[in-house]
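Have a look at the structure below, then the notes.
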Amino acid sequence: MKRTLSVFLPLTLLAALLFTVSAPASALAAREVEFGQTVALSRAAGYAITRDGTLWYWGSNSENMWTGDQSPERSVPGKLTDGVVSVTAGDWGAVITKADGSLWLFGSGYAGDGTDWAAYFKPVRIPLEGVVSVSVGNNHILALKADGTVWGWGSNATDGQVGGGRTWDVLEPVQIFEDAICVSAGQSHSLAVKKDGSLWAWGYNAYNQLGVVTDEPYSLYAVKVMDGVKSAVADGLASYAVTTDGELLAWGYGYDTVPERPAQVGGRMTKTSLMDGVSSVPGGNYAIRADNTMWTWAEDIRSALWGDSGSGVTVAGTSNRQFKPWKLADDVASAAARHSSALILRPNGTLLGYGSDASGQLGLGSRGKYYFEPRAVIDSVAVPGSALGVPSDWARADIESAIAAGLVPESLQGRYGENITRAEFAGLAVRLVETVLGRGMDAYLAEKNITPGIPFTDTTSKDVAALAALGVVDGVGGGRFAPGREITREQAAKLLAGLARLLGLGEPGYIPVFADSARCSGWASGFVGYVSGHGIMGGTGGGGFSPLDGYTREAAIITSLRITRLLAG
């Protein structure tokens, strides 16, 4: 078996794998999707999505069943799944949105597939498409579609929180509202904001959380609450609304927040004004202002901050007292909060935990503690509104096949449109060799009586060392490997040819000639001919090969898959 190749130049393979004749440049651009909500808190668990679309989980709850961790606590982050762009949590479980638009239920709840409440050992897909945001309550779920329609399902027989006049549990998604821009599910009531700024509510109302007077302690149909609303949050038995001018209003029964029985004024309940300049409410007791500061009025273990005089403030004509809002953090990009716990996301991707960690929900490796100052939990968390690179449409099916075949390291499962680096390709190449040979690289090297050393001064990667020992890669001069350097298409061709020959693929029967062959470096021409002759790499449009262009992650992954298929005959 011939195994020659003197220079490693990490692979960014075959953006043209399936385009062996030509492929328009626009077809090679990775499609981008934006992240939605990237941090979430349930009763006893936390969630975060990192920039590569990986979903992480920590805490203790029934949700441990689907993490594979049956221990009483799981208080440090652990990986759940990939390709996630949004997460929202309720009391007992969470719903995620993947990059392909699909919805999945984690933990306990109603899956919307006709079955009753259940605890799931594996994530289950929710049969609903076209969703742009989701809100999970105690035992019901609301989903907002791109067309403004609101869909709901879950427990409903007692309080009517799913809505639409139903008095039975709803086991499959049904349309219940329209023309909405925001939805929120509370413990047993629901809120929706329409495009015209009007706020509507339905469900349980024994604590006046709907913000209107009802004949029964519930409303089965949506009732109008007020106008001039930008967003709203149903949290437990309380409701919060941010008006179009940034005022934060609250009503219902909150957790140390708002009066249980606000005064009735002309058939409606008065709303307590908590603060102004608010842009969003990440959860009951917390608000983010337009200047990116985060405020709370929840009870703090250090001190109970009653009103200015310290003796309490009378709210809405009642004897109930309300804590005075105080600033918790600056420079906040996003947050998730529940009662006395909060996850705070910085613009640089650092996630901080604050407050009660009674169940390990802050991910700080403890349980039963209270953190008086925010502490770092995990880095590289995606900021809502930032972009996640997903496979181009032409590449999606093959990348899914490559991942299923075990060819793609987790570190390469995301940001597919970026150019691959030398170190990244080394990891991909080793995975290819191991998959084809059916055994680990260490075992293969032992069979060949090869003992890898540390050949370069700027990396200690085992993958790089193994490939160097096999003669597949070498450095860039001066004893360096340059692991972070991106590769070009002609460099990818050299590397791919070396890997294919190492694995036993012979010489091609023909060698295509490209219109821009004269642009290839002298050392690269034979390698370009080899990979194009086998159909491992193809052209880039207009009869050219574009030898000096960068090579993307998705192209590299697909080329690995192509080599395995060629070897399999």
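Numbering starts at 1 and runs along the sequence shown.
Heavy-atom minimum distance, Arg338 versus Tyr286: N-CE1, 4.5 Å. The minimum heavy-atom distance linking Gly164 with Ile176 is given by the pair N-CG2, 4.4 Å. In terms of heavy atoms, His189 sits closest to Gly236 at CE1-O, 3.4 Å.
Checked by atom type and distance alone, the side chain of Ser184 never pairs as donor or acceptor with a backbone atom of Leu191 at under 3.5 Å. Counting only distance, with no hydrogens or angles, the side chain of Ser334 and the backbone of Leu345 share no donor-acceptor pair below 3.5 Å. Side-chain atoms of Asp169 come within 3.5 Å of backbone atoms of Ala157 as a donor-acceptor pair (strictly under, hydrogens ignored). At least one donor-acceptor pair under 3.5 Å links the side chain of Arg289 to the backbone N or O of Asp276. Using a distance-only test at 3.5 Å, with no hydrogens or angles considered, a donor-acceptor pair links the side chain of Gln209 to the main chain of Tyr204. Asn156 places a side-chain N or O within donor-acceptor distance of the main-chain N or O of Arg166, the cut-off being under 3.5 Å. With Thr350 contributing its side chain and Arg346 its backbone, the two residues share no donor-acceptor pair below 3.5 Å. A donor-acceptor pair under 3.5 Å links the side-chain atoms of Thr421 to the main chain of Glu424, judged by distance alone. Side chain of Trp295 to main chain of Pro325: no donor-acceptor pair is present (N/O by atom type, distance under 3.5 Å, no hydrogens or angles). A distance-only check finds no donor-acceptor pair linking the side chain of Thr38 to the backbone of Ala48 [under 3.5 Å].
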Exercise for the section: Show your working on salt bridge (Lys or Arg N to Asp or Glu O under 4.0 Å) between Asp379 and Arg51 and close with a plain yes or no. Expected result: CA-CA 9 Å; Asp379 293 320; Arg51 296 185 185 113; over 6 Å; no
Problem - Steps toward salt bridge (Lys or Arg N to Asp or Glu O under 4.0 Å) verdict (Lys369, Asp357) - result: CA-CA 5 Å; Lys369 292 186 177 182; Asp357 199 22; over 6 Å; no
Practice task
Walk me through it: do Lys194 and Asp179 pass the test salt bridge (Lys or Arg N to Asp or Glu O under 4.0 Å)?
Solution key: CA-CA 6 Å; Lys194 282 194 170 186; Asp179 203 31; 5.2 Å; no
Exercise for the section: Report the C-alpha distance between His140 and Ser190 in whole Å, list the side-chain angles of each, state the deciding distance to 0.1 Å, and finish with yes or no for side-chain hydrogen bond (donor to acceptor under 3.5 Å, both in side chains). Expected result: CA-CA 9 Å; His140 75 294; Ser190 302; 2.9 Å; yes
Pair up each side-chain donor or acceptor in residues 124-136 with any protein partner under 3.5 Å, not counting sequence neighbours, and list the distances.
residue, atom, partner, partner atom, Å
Arg125, NH2, Glu129, OE2, 3.3
Ser135, OG, Ala185, N, 2.8

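For Tyr47 and Tyr57, the ring centers are positioned less than 6.0 Å apart. Aromatic ring centroids of Tyr110 and Trp117 lie under 6.0 Å apart. Aromatic pair Phe177/Trp202: ring centres closer than 6.0 Å.
A 6.0 Å sphere centred on CD of Gln175 holds more than 12 heavy atoms belonging to other residues, nucleotides or ligands. By the 6.0 Å contact criterion, CZ on Arg375 is open, its count of non-hydrogen atoms from other residues, nucleotides or ligands being 12 or less.
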